[in-house]
Peer 1: 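If you scroll down you'll find the structure; I have some questions about it.
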Amino acid sequence: MSTASPAVTANRSAPLNPRRRWWPTPKLIIIIAVAGAIGYLALVPLYYLLWGTFFDAQGFTLGGFATAYGDPRIGSLIGNSLWFAVGSAVLSLVVGTSLAYLNVRTDVPFKALFFAASIIPLIIPGILYTIAWIFLASPDIGLINKVLEPIFGTAAVDIFTIWGMIWVEGLHLSPIVFLLMVAAFRSMDPSLEESALMCGATRMQVFRKITVPLTRPAIVAAVLVMTVRSLESFEVPALLGLQNGIYVFTSRIYFVLRSYPPDLAAAGALALGLLVLAVVGVAISNLVGRAGKSFQTVTGKGFRPRPMELGKWRPVMGAAIVFYFLLTVVAPLVVLLYTSLLKFYQAPSMAALRTMSLDNYAQLLNMSQAATALRNSLFLGIATATLVMAVMAIAAWITVRSRIPGRQLIDQFAFVPLVIPGLVLGLALSFVYLRSPIPIYGTIFILLIAYVTRYMPYGMRYSVTSMQQIATELEESAQVSGASWWQTFRRVLLPLLAPGLLAGWIYILVVSFRELSSSILLYSPGNEVLSILIFEQFENGQFTVLAALGVVMVLTLVVLVTVAYKLGAKVGLREN
Amino acid sequence: MRHPSIIPAFAAMATALVLTACGASPTATGGADTDAKGAATAKAQAVYDRINGLSGDERHKTLVELAEKEGKLSIYTSNTDMDDLVDGFEKTYKIDVSVYRGNSESVLQRILQEQQANYFGNDFIDTNAGELNIMNKEGFLYPYQGELREAVRKEGKAEGWTASRFNAFVVGWNTSKVKPGEEPKSIEDLADPKWKGQISMEVGDVDWFAGLYSYYLGQGKSEAEVRDLFTRIAANSKIAKGHTTQGELLSAGQFAITVSSYSHTIDKAADKGAPVSWHPASGGPIQPIIVRPNGVGLMKTAPNPAAAMLFTDWELTEGQKILAEAFRVGSIPGATDPFAGLTVVPVPEQELLADPKKWDDLYAQVVSAGQEVQ
């Protein structure tokens, strides 16, 4: 890539050499390639979705909207959906931000626990995490209720309520916020807070008036992603809400997609509703992030983040962290581990303990495709995360930095896949690649394309947020000193973006291990992935084997993410 | 920054690309080279017709010879016990088998997509009745004939495909919550308010519902009476999603009774020692038992038609034993018929195929009406 600079020099002298005037510079090529890739990846499923929504065998129709929104209970559906989505978004924002702030900016004890506390809920497959919470907090069989019974009477907590749904979904989503906010806090100059403290502001005032406004781009991004995600979420509303008749939008969409032929029109109508919300959200996020230099805390002035001393609050915070860790990570994980050693789930007792064995793990070892699936999932996870973050770093530059007209479109396109149901994405991709002369259908690369498409929106949010914190003056000085665009990007911007890029990389790696809804249509024999195995065990009623598989997945990913963090220490996601 | 209109231009280009790639409509049939389909069909049909016309040893010998010459077999399935079937098959014959397994919806969608694009990815299909009926309606399947098909239970001799096993929907209970002697005797019993909050219904069991609903109409109940019965059962119920979750929660005691569990889910859990059963201490299980066939079909465009037929034979012979070991109900009644003497009602497949939305809506209505009563 160092060959880039002579080419640029050549271009600079272009006016002197008219024959070479129209030669594309590497910058132009890269920008066009990135914009083209994003446009292509987003438009294929979007086109398929729009077609399915507005056209049926008879021609143009709006019938899908009638099916999706014309329910007599539409009021309560919207009410429940919004309550659930906003509640989960707020919970994950508060939890994720607090953990990130304490971790990055203070001398809170047990920092090692943060890492586990913030990543493990993300790794455990949604269905296992939700069922673990049923075993913990069901009014009938919940272990927590058994423990609390002597004090608070029967059924002190009830997971089958909207609050229970918000609790599980919010905790499950909080790692996205944690990773976003850790990167944001890392790139924030603490001297701003310190000056405020010097001037006599209280810690609370500093947090409200200095810290929050400075990280606003990250907060907006988090709220945006969380709200759309919880509006789309199906597992938690299905497993916890249905029992007592709490219906949300996605419960409806589940039915229209599972009947034959799948009612793409209704699914599309819902997705378009979400799309409008997302477009507005992305526009707001850019408006907020563009508000001048106010968030650009990474400037030419050097700084070294120094942890704030908590003083007498240190033990209190320490205890709070341990409690949070026990409740949200250890408890569900112990339930899974316990279940994975049983033949069927039963409340802990001497009789249950006597039946414990490693049979479920032995069964995993004997599973024909377990090794292949693990290998494929690793390949896809690492390749997807790397590709997405590499492309999105450049896309973020285009949106945030360049003045190319229409640059906002890139951001909007990159966000589109977030609202496209996995099944629709799978159908769109198989439609295109079954007819493509390049043999991609039936290979692992169609899964790679699906994953890159699905996780593009997250990569974009992580990159844009980081980019908005970096002051333009650093690039300007590099360019004044004669660096080419590519040199500036690689030597100045990439290292500064690294915390955000790494956070996004870890997130995508972890969630791509769980992707099922498009994988199940697109994989081929030999290209099995772990989520397919999980699905098979689930279909087969092997719940305890599934728990064992969940435990193995958590261990594998914890090791992988630890390695990434250790490497990340060098690029600033972690201090020291 | 000197490239003012790169991105809109690119968006336009990408759109153009997609449009050309997709043609006019993504739901229209490929159609370009129907010749390929014709050739594949003719080749497979010759093999199918030849074998369908033979019987006994001659048929088996010819089939094995042809199938081993093909040497390969591609199966698309939603059958969760496929691994054991394939292992045995590969040990017996020199044929490499590749298996794509998904839920029945994705198996169907995949075949629809592939057939529309003239991509012949599979030879053999093993999935649920509903999806097989759709594939037969689309003209993807070729009839399988012979002595084995004749031996299949009458509910399983479908047009275009053949049942290999049955899912039986039974009323199951947790034996530590429902003591022996206190079990419900009939489905009507479950409407009794004494079971309030103790029962579980599954949110997607529309076919079970349609089967039972039609059965009660046939017994002389009026539509209003049947709806009232289901609404009152729903009023006693907690709604679960997925038979596996529901089965695990029944073992754990989250509810006492499930109205539409698969018999094999309960039998498997009981075999592991879980306190569940669908057989009361005395008397027969709650009836009628709604059954839904799962079956196998031969693809018209199969690249390996003989292997596909050999596997069908395998699933209806050795396969029946393997299925029984997994607590499944085979389609060819053996020495012990698990349904002997019981009232068994098949799911009204054709009716569901004709108007699926009607039944989806009706079931959703009954469930939510019941929940509002609570």
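Here is the naming used below: chain letters follow the sequence lines, and residue numbers restart at 1 for every chain. Since the model is a prediction, treat every value here as computed from it, not as a measurement.
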Peer 1: Is it the backbone or the side chain of B/Val107 that comes under 4.5 Å from a heavy atom of chain A, or both, or neither?
Peer 2: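 Nothing of B/Val107, per the 4.5 Å heavy-atom cut-off to chain A.
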
Peer 1: So, applying ring pair (Phe, Tyr, Trp, His ring centres under 6.0 Å) with A/Trp51, which one of A/Tyr48, A/Phe55, A/Phe54 is it?
Peer 2: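 Option passing the ring pair (Phe, Tyr, Trp, His ring centres under 6.0 Å) with A/Trp51: A/Phe55.
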
Peer 1: Given heavy-atom pairs under 4.5 angstrom as the criterion, report whether the side chain, backbone, both or neither of B/Asn103 touches chain A.
Peer 2: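 The answer is both parts of B/Asn103.
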
Peer 1: Counting only heavy atoms not in A/Lys146, do more than 12 fall under 6.0 Å of its NZ?
Peer 2: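 Above 12, so yes.
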
Peer 1: Heavy-atom pairs under 4.5 Å with chain A - which of B/Gly273, B/Gly121, B/Ala326 has more of them than the others?
Peer 2: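 Among B/Gly273, B/Gly121, B/Ala326, the one with the most close pairs to chain A is B/Gly273.
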
Peer 1: Can you tell me which portion of A/Ile134 sits under 4.5 Å from chain B's heavy atoms? Options are side chain, backbone, both or neither.
Peer 2: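 For A/Ile134, side-chain heavy atoms alone lie under 4.5 Å from chain B.
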
Peer 1: Both conditions, 6.0 Å and 45 degrees, for the charged tip of B/Arg101 above the ring of B/Tyr76: are they met here?
Peer 2: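 Judged by the rule (NZ or CZ under 6.0 Å from the ring centre, within 45° of its axis), B/Arg101 is not positioned above B/Tyr76.
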
Peer 1: Count the heavy atoms of every other residue, nucleotide or ligand shown that sit under 6.0 Å from NZ of B/Lys272, and state whether that count exceeds 12.
Peer 2: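 Buried by this count: over 12 neighbours within 6.0 Å.
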
Peer 1: Tell me, side chain or backbone of A/Leu434 under 4.5 Å from chain B's heavy atoms, or both, or neither?
Peer 2: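 It is both, since atoms from each part get that close.
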
Peer 1: May I ask you to check if A/Arg435 and A/Tyr433 form a cation-pi contact, with NZ or CZ under 6.0 angstrom from the six-membered ring centre and within 45° of the axis?
Peer 2: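 No - A/Arg435 does not lie over the ring of A/Tyr433 by the 6.0 Å and 45° rule.
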
Peer 1: Taking side chain as everything from C-beta outward and backbone as N, CA, C, O, which of these in B/Ile75 sits under 4.5 Å from a heavy atom of chain A? Side chain, backbone, both or neither.
Peer 2: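 For B/Ile75, neither part sits under 4.5 Å from chain A.
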
Peer 1: For A/Thr544, is it the side chain, the backbone, both, or neither that has a heavy atom closer than 4.5 Å to a heavy atom of chain B?
Peer 2: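 Side chain of A/Thr544 only, per the 4.5 Å heavy-atom cut-off to chain B.
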
Peer 1: Does any backbone or side-chain atom of B/Thr245 lie under 4.5 Å from a heavy atom of chain A? Answer side chain, backbone, both or neither.
Peer 2: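 Both backbone and side chain.
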
Peer 1: Please check if the side chain of A/Glu528 supplies one atom and the backbone of A/Ala373 the other of a donor-acceptor pair under 3.5 Å.
Peer 2: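 Judged by distance alone, no pair lies under 3.5 Å.
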
Peer 1: Once you measure the plane-to-plane angle for B/Trp359 and B/Phe209, does it fall in the parallel (<30°), tilted (30-60°) or perpendicular (>60°) bin?
Peer 2: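 If you compare the ring of B/Trp359 with that of B/Phe209, the planes turn out perpendicular.
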
Peer 1: Return the option, out of A/Phe135, A/Tyr523, A/Tyr345, A/Phe160, with the maximum number of heavy-atom pairs under 4.5 Å with chain B.
Peer 2: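 Of the candidates given, the most pairs with chain B belong to A/Tyr523.
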
